[in-house]
Structure formats: C-alpha cells, structure tokens
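What follows is a set of notes on a single structure, which appears directly below.
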Amino acid sequence: MSSRPMSSQPMSSRRQLKLGAFLSTPGNHLAGWRHPAAVTTSDMDFKQYAHLARLAEQYKYDTIFFQDTAAVNGSRALAGGDFTRARLSRTVKLEPTALLAALATITTHIGLIATMTTTYNKPYNVARRFASIDHISGGRAGWNLVTSQIEDEAQNFGYDEHLDHAKRYARASEFYDVVIGLWDSWEADGLLRDKASGIYMDRDRVHFLDHEGAHFKVRGPLNVARTPQGRPVVAQAGSSEAGRELAAKTADVIFTAQTKLQEAQAFYADVKNRTARYGRTPDDIKIMPGITPVIGATEAEARERYEELQELLPDDLALQSLSHISGGLDLTKYPLDGPLPDLPPSNAAKARQDLVVRTARERNMTLRQIARHTAAGTGHRVLVGTAEYMADELETWLKQDAADGFNVICNYYHQPFEDFTRLVIPELQRRGIFRTDYEGTTLRANLGLRVPENRHTEARNAAAAEEMADPRA
Amino acid sequence: MLRFGAFFSVPSCHPTGWRHPDAVPEADLGFRHLADMARIAERGKLDAMFFQDSVAVVGSNVAYGNKPFNVRSGRQAHIEPVSAIAALAAITSHIGLISTCTTSYNEPYNLARRFLTIDHISGGRVGWNLVTSQAEDEAMNFGFDRHIDHAERYDRASEFHDVVRGLWDSWEDDAFLQDKASGVWFDHTKMHILNHEGRFFRVRGPLNVSRSPQGRPVVAQAGSSAVGMNLAARTADMVFTAQPTIAEGQAFCRAMRDLAAGHGRDPEHIRIFPGLMPIVGRTEQEARDKYEELRELVDDATGLRGVARLCGGLDITQYDPDGPLPDLPPSNAARARQDMIVAMGRRGMTIRQIGRVLGMSQAHRVAYGTPRQLADDMQEWLEADACDGFNLLFAHYPKPLEEFVELVVPELQRRGIFRTEYEGTTLRENLGVPFPENSFRSRQAAHV
C-alpha cells in the first residue's frame, strides 16, 4: 500500500513536493462554515488570514493561494429573487491582491499568489499591481491568470453574458503577452538614482512595449522597475484544451483538479510535453492539483468527520455546487434520486463540467450523490483518512509523475488546515519529500524556477556575443 | 484644530529632491522606507498619508530634447499606491491611508472592491482620492491615442463615483448573521442590488465586500476647476487644493462650502487641505539655507516647463530666462497659480527663479522658517478660515517629514491647535466627518 522509503534520512537530490495553502475561507465545503469549530469571520477579518499565513510559513509551504470571483457568488439568482444563496458562505471576502500586499508585510519567505481575471481588467494595471507586490514582498508574488467564467461577474462590468470560451482565451493569451512585455520594461540596471550626476534613470535601459494586437494597444513602459525575482510567477488553472495550451506557453505553476492517478498522470504528461513548443522545459512548470484533506486518528474517525459535515448540508444547497457547471440547466427541476441529466455544453468551466459528468457516470451516482460529492470538494480530490494515509497518497502521486505538488484546500478554517499542517507535513519531511527549510527568499527560488532573463538584456548580450565571435566586426 | 495629510510623491515631492544628500531615493520601490515613514507620520499623529499616482512613466509621451523621459525626475518607477496602502494598513494602527486611483482607466466594481477591502484590513482608515487622468502619458497605456476630453472625463468621474458609493452600500452593517444553528449566512433583506444603468456604466452589484468599519471609505478630491469643485462639493469628504495666499484660501473655502450647502450637505463635513511644503530650521538662517539649497537643486528645464504652463498661451520660451516675467494673458486653467507667479515677478524674481520655486513643490505653497514661524503661518491660515489643515509636501524623504514631526508638531500641540492623541481609530473619526448611514437604508426609511 505504501511506497514509503526505508530510510528516514532526507536525500537532497530526491524530488520534493511543492505545497500551496489554498485559503478558501471560511470553508470550501458548502456547509463548512456551520461546523462548530469553523471561524466564520475568516472571510473578512485580516487577523484570521494573518494567522493562517504565519502558520503556513512556519511549516514551509511554498505559497498561499487565493482564488477570486469579481461578484457575489450566485448574485444573478439573488438579483432575481432566489435567496437560496443566503444560506451559503463565501459571499463577501477581502479582495485578494490587496490582501497579498498586506500579508507581504507580516511574512518573509512564503509565496503570495492571487487570482486576477484577464476578462475585466486592463493589462497595465495588472502588470503594475503584481510587480508592486513583488517589490513589497521581496520577490514572492504570483499572478494566477484566469478568464472569467461566471455569469454573475459579467453584469458587474456592463455585459449581459460572459464572453465566449474561445474569445476569452484569445484575450487571455494576448493579455499575458502584454503583461510579460511590461514586466520587461526595465532592465536590471535601469534605475541609477545617481545623486552626483542627477540622472535618475538610464534611458537606454528602459523600453517601450508598443504592443498593438486584436484586444490591446499598450505603449508602456511600466512605471515599476524590474522586480526582485525577475518577474512575478504566473499560475494558471485551465484544464480544457485551450487552457492547457495557454498554460504550456505561460504558466510557471498549474493549479488543476485531478481526482484519479491515471488521469492526473495523463494530464501531467500532456502539459509537460506541450512546453517544448514554446521553447520551455518540463521543469519550467510545476503541476499542483488540489486536495481536500479530512484527517482522523483512524480511518473510521476521518470518515465520521466527513459525514458530520455532509449532514450539515441540505440537498437543495448541495445542488448549488453544480450550478456553475450545469450549462444553464435548472437542476432543481430533476428528481434527486434519478441520474444526473445530460448537461448542455458549458461556456464556463468546460474541464470541470467534464470531470463531474464523468465521475457521476462512472460511479453510477444519482443527482443527489453527485451534488453532495461535489459539494464536499468542489471537484477536487477529497482524501479521507489518517495523516499517514495522506502522506502515502501524496508520495505516490509525486513518484508516479502525477503531480509536482498539491494545493491544500480545506472544508473550513482553521482546524482542518492546522491538522493537515501539523500532522502531515512532519511526516512528509521525515520521508524526505518536503523541505525542512526554505531554499531562498523568493517564490522562484522555492519553487525551483529559473529567473527569466530580461528580453532586452538578452538581445543586447546576444548581439555583443555575435560581435565578439565575428572577427571582422 | 489643524489636520494634516502627508502627501507622498515618492521618492520626492520636489522632482529632483531625491538628489539631496539626506534623501533616500530608494523610497520609490523600497517598501521598508515607506514603512519607516508611516511610523514617523503616525508618531506625529498626522491624519493621513496621501499618495499621488500616475499610470505611466512620466514623459513617456513627451520629448525631452529629442528623447523620451525626464531622466532627472525621480518619479519614474514606484510602488502602485493602492497596494502600498494595503501593505501599510497591516503595520499601522491609527493613521489614515489615502491613495489616488483614476476613474479614467479603471472599472468601478474593481475599484470599489479594493478600497473597501483595505478599509477592512485597516479597521476603517482608508480614503480614495478620486481623480481623472489628464496626462497624455497615461492614455497610450490604455489603448487611447489621446486623453479624454475634460468635460467627458468629469462626467465619467461623477457617474463612476456614484457607482462606487452605491456598491459600498451593498450590505447593511448587520447583514451577516452567520448563524450556524439555523444555517442562515446573511439576511437577504439587508442586501442591496445597485442595478445601475448610466451613460458610462452598467453595474448590477452587489459588491462582494461587506460594509466598511467607518461606513464608507473617505473620498478625497483635488479638482479646482469649476466642474471639479462642483463634483467635490457633492461627493468629497476632503479636498486637496493649491492656494498661494490666505485671501485665496478663504475664497476657495467659502466657495467650496457654499457649493456643498447647495448640494444639501453640512458645509463643515468637507475638510479643505491646501498643499504646503514646509521647510523647517532650528534658526531662521538654517531654514533659509535649506530653502536655497532645495531651490538650487531644481532642474531648470523642469522649472521652466512649470512656468510655461501658467502663461495663458504666451510662449515663454521666447524670453530670456534670466530676465523679468512679461505681462501674461489671463489663464483659464490655473488662475490662482498664475496670480502667484505674477506676484513673484513683481517682487523682482526672474523667470528662472520663479521656475525654481514652482519646480520644487509641484507649484504648491512653500514656507520656510523656525518651528515657531511655521506654526504662526499655519495658525494664521486656520484662524482666518482659509483651511482646515494642510496636505504637507516634503522635498524628499524621510528627513523633512521627521523634522516636521519632531519640531513643528510639538509647537502646534503646545498651542492647542493640533491633537496630542488620535480621536479614534477610523479616518472619519480623526477627520471629524460623520459615519454615513447606508443610503439604501435611508431611502427605505424615507418611504416608510
């Protein structure tokens, strides 16, 4: 069962897990907030986030990670007079990029990744904000590039419907090019600040982007100089065909939902193989599926804890967990004990819809069962068992090339996060598959990612090298 | 009582002040320097840190000689100020944190969310300085060839404000029940959906941030044109303005309070802060020496451009910079500031010398003297109803800020015209502007 190594001595050459603390406060489980130990104020209270960030840093997580939605979840239904959503948490929250900036001041090593949509923002503002947080944090910022897929959001930005899937990805790809280009505006030695000569900036080391594309026209340069880790880390979550291709081109980190070893291996191999098309190597991307741990001293106790939460969730609320992947179909009209009906194609989260439908079909689940199953992990893999069992599972996925690491998502906060952190991480460290100290002070250093060369510096160095090599020059 | 904002234009309000031997130009991107200054400002019980912003490298679109960028000016690369105040919120406890953010190149939903979030992180100490973008430099970073026309910009800003303010009231203060037993997370009768449809924006809401610890973030504004003043009178809690003399400060305060009353507001609920660059010395001679030193640091090209902007269309570059200021046609853009340079000319200053004064303080008033002289100056403005306080511009950082806090603040406290302790923990409490009721709720109450 366990592929646990015989030696307890960590070997430095051994591949190690990357871990993200995906903070879905006050709880990722739809009824998580109702647990007696849940801290319900952890959606808006900065002190609670500070507590979680400090704990994560104490235990050497690579990064904390915030997802985002630019709307109240379910606001379309709420605006239409359906108040089911009033019984679910994660209604309001702290905007994650502001939160990152604040958390940067009370931490020193942990990465700080937040989601910001390419659909309802402007590239100059996004480039500027993450570069700024990279400076504030000394090189620990990451941008999770997403396209907005929730109908709830469109109407907060003047649209009736959200953009079509293909268009969204075309825009996202160009958005990325602009942001990365702006991050290269300043070469490392662009700011002189030379009091004697009075020259503040070296005009020859600061560059216009002059981008003109189908979606954006941006001159530059960015008014933030090159950042402490070269440029912020880019994360991506798309698992659809278009999402994978964009990730292969752009992502340093991939956050994905994978529930089965074989499928995860296939995804892992596919994305890593695609990197070559963009002049990248498989090591340039770290793939981190989400997991939701439910830990007990024994397997039976863990199972009990899982059921305890499930009992707090009425069926009509469980159905809400399928609402954003239903392709617009009103599932409340279908019998709960019947099968999951065929869903119209979703313009939203294509890969997530596929995963849910496949799971329901393969396991012959009723609508009630698949809804409750999804509510418990929002599509991510739920691990129910002892700390040792969790460590076994994570180790297996690592060794069998299904993952480079994991994003840990908890049903509620803080208890399950504290349990996983205090019980599983020491076990991973004993097995030598998780760090006992940070490798460096930047997110790139800890994730084992290269510091990218500034394109203008690179071009100049290449030209100089060519000149050296050419004896006639 | 006087109130103070510390106006941050890092690394120096004086465009070339970063060259001063005491200056720390690394304050542009080095957060720890901002953190140090926040602690100094909070120790001095100042009301707020107030961050300027522009969404471009200055001079991206303007040739200096025949090349882009003003390479001598320090304001080229800096931490995005809304991120800066979010970070500062975590390490301060009482001081207000105000940042500029343009209505021209943002979406109201995103802006409302960020400021309200930081208001939560800080426990109610945030302010938004609402501006419209007017620099050509910025437009081309956002897909435009030219910046938007003045009137259009203000129409957009006005509607933008209304959307933001409406979104800030999406939730009543007690909307979130979080009742584990009944399973009810929020009381839907206390949620308000904006459903805004206007000329520039269509925004449904509600905002995904609960109501602010101070009701709503403070709104600051800096427009001194007629349109700008009217928008401020309707919407602002705080106005930042350039007023060169007591008489003009008085006239501005009267005009602004009258306009506010015209909008049905209590005129005392709008706090007026002229800009002031204080240069303090332990003796008058020391202060004068510092002043001269800073004036000498001004890059002439920057200073002369400052004069040229106030000349009402007259091409000042045709005149000898070491000669007198000629008679100027009236300027519609910045009347008050033109009057200021005309007065300097009458005192015998050359065009270059005037440029140096303008160039050192972004054309705000400069005062130098001993702590007592500076206190006299500010007290006179306060007692003449020419201001509610000052937004302080420091020629560089951190020393002039430190000197103000150590030398001038105690003198003002001794005179009983500046606080010795913060009145409260929110910016509204410290500014003395009221906690606003939720506008949806007051509307409902009016219907009952």
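Worth saying up front: this structure is predicted, and the values here are computed from it rather than measured. The chains referred to below are lettered A, B, ... by the order of the sequence lines, with proteins before strands, and numbering in each begins at 1.
For Ala139(B), no part lies near chain A; criterion is any non-hydrogen pair under 4.5 Å. Within the 4.5 angstrom heavy-atom criterion, only side-chain atoms of Phe176(B), from C-beta onward, approach chain A. Contact of Ile121(B) with chain A is made through backbone and side chain together, with heavy-atom distances under 4.5 Å. Neither the backbone nor the side chain of His196(B) comes within less than 4.5 Å of any heavy atom in chain A. Proximity to chain A (any heavy atom under 4.5 Å) is shown, for Asp119(B), by neither the backbone nor the side chain. Contacts of Asp145(B) with chain A are made by side-chain atoms alone, with heavy-atom separations under 4.5 Å and no backbone atom involved. Within the 4.5 angstrom heavy-atom criterion, atoms from both the backbone and the side chain of Glu26(B) approach chain A. Proximity to chain A (any heavy atom under 4.5 Å) is restricted, for Ser73(B), to the backbone atoms N, CA, C and O. Contact annotation for Leu167(B): neither backbone nor side-chain heavy atoms come within less than 4.5 Å of a heavy atom of chain A. Only the backbone of Pro21(B) comes within less than 4.5 Å of a heavy atom in chain A; its side chain stays farther off.
A distance-only check finds a donor-acceptor pair linking the side chain of Asn223(A) to the backbone of Ser54(B) [under 3.5 Å]. A donor-acceptor pair is defined here as one N or O able to donate and one able to accept, closer than 3.5 Å; no such pair exists between the side chain of Thr117(B) and the backbone of Leu94(A). In this structure, Asn125(A) contributes its side chain and Tyr105(B) its backbone to a donor-acceptor pair below 3.5 Å. A distance-only check finds a donor-acceptor pair linking the side chain of Ser132(A) to the backbone of Glu80(B) [under 3.5 Å]. Counting only distance, with no hydrogens or angles, the side chain of Lys180(B) and the backbone of His35(A) share a donor-acceptor pair below 3.5 Å. A distance-only check finds a donor-acceptor pair linking the side chain of Arg203(A) to the backbone of Pro68(B) [under 3.5 Å]. The main-chain N or O of Gly143(B) is never found under 3.5 Å from a side-chain atom of Lys122(A) such that the two would form a donor-acceptor pair.
Remark: Arg204(B) does not engage Asp152(A) in a salt bridge, criterion side-chain N to carboxylate O under 4.0 Å. A salt bridge links Asp160(A) with Arg202(B): at least one charged nitrogen is closer than 4.0 Å to a carboxylate oxygen. A salt bridge links Arg128(A) and Asp53(B); the closest N-O separation between the charged side-chain nitrogens and carboxylate oxygens is under 4.0 Å. Taking a cutoff of 4.0 Å between a charged side-chain nitrogen and a carboxylate oxygen, Asp28(B) and Arg193(A) qualify as a salt bridge.
The most heavy-atom pairs under 4.5 Å with chain A, out of Ser170(B), Pro206(B), Ala56(B), Pro108(B), come from Ala56(B). In terms of heavy-atom pairs under 4.5 Å with chain A, the best-connected choice from Trp171(B), Phe142(B), Phe201(B) is Phe142(B). Each of Gln76(B), Met191(B), His20(B) has some count of heavy-atom pairs under 4.5 Å with chain A, and the biggest count is that of Gln76(B). With respect to chain B, the highest number of heavy-atom pairs below 4.5 Å among Arg87(A), Arg129(A), Arg76(A), Lys93(A) belongs to Arg129(A). Residue with the most contacts toward chain B among Thr91(A), Thr69(A), Val218(A), Val224(A): Thr91(A) (heavy-atom pairs, distance under 4.5 Å). In terms of heavy-atom pairs under 4.5 angstrom with chain B, the leader among Asp43(A), Ile106(A), Val178(A) is Asp43(A). In terms of non-hydrogen atom pairs under 4.5 Å with chain B, the most contact-rich of Ala104(A), Pro36(A), Ala50(A) is Pro36(A). Each of Lys195(A), Arg90(A), His211(A), Lys217(A) has some count of heavy-atom pairs under 4.5 Å with chain B, and the biggest count is that of Lys195(A). Counting heavy-atom pairs closer than 4.5 Å to chain A, the top residue among Arg114(B), His120(B), Arg72(B), Glu107(B) is Arg114(B). Highest contact tally toward chain B, considering only Pro123(A), Ser197(A), Ala31(A), is held by Ser197(A) [criterion: heavy-atom pairs under 4.5 Å]. Interface remark: of the candidates Val55(B), Asp187(B), Ile118(B), Val55(B) forms the most heavy-atom pairs closer than 4.5 Å to chain A. Top candidate by heavy-atom pairs under 4.5 Å with chain A, chosen from Leu116(B), Thr16(B), Ile79(B), Asn106(B), is Ile79(B).
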What do the steps show when you test Phe157(A) against Val203(B) for side-chain contact (heavy atoms from CB on, under 4.5 Å), and what is the final call?
CA-CA 6 Å; Phe157(A) 297 90; Val203(B) 180; over 6 Å; no
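No donor-acceptor contact under 3.5 angstrom links the side chains of Asn70(B) and Tyr200(A), judged on distance only. Side-chain contact check for Gln178(B) and Thr40(A): at least one donor-acceptor pair (N or O, by modelled atom type) lies under 3.5 Å.
Ile133(A) places none of its side-chain heavy atoms less than 4.5 Å from the side chain of Phe31(B).
Under the 30°/60° scheme for interplanar angles, the aromatic rings of Phe83(A) and His188(B) are found to lie parallel.
Between Leu29(B) and Ala225(A), the shortest heavy-atom distance links the atoms CD1-CB, 3.5 Å. Looking at every heavy atom in both residues, Asn208(B) comes nearest to Val72(A) through CA-CG2, 3.7 Å. Contact between Ala86(B) and Ala98(A) at its shortest, heavy atoms only, is CB-O, 3.4 Å.
For the side chain to side chain donor-acceptor pair (under 3.5 Å) test with Arg113(B), the passing option among Asn156(A), Thr97(A), Asp68(A) is Asp68(A); the others fail.
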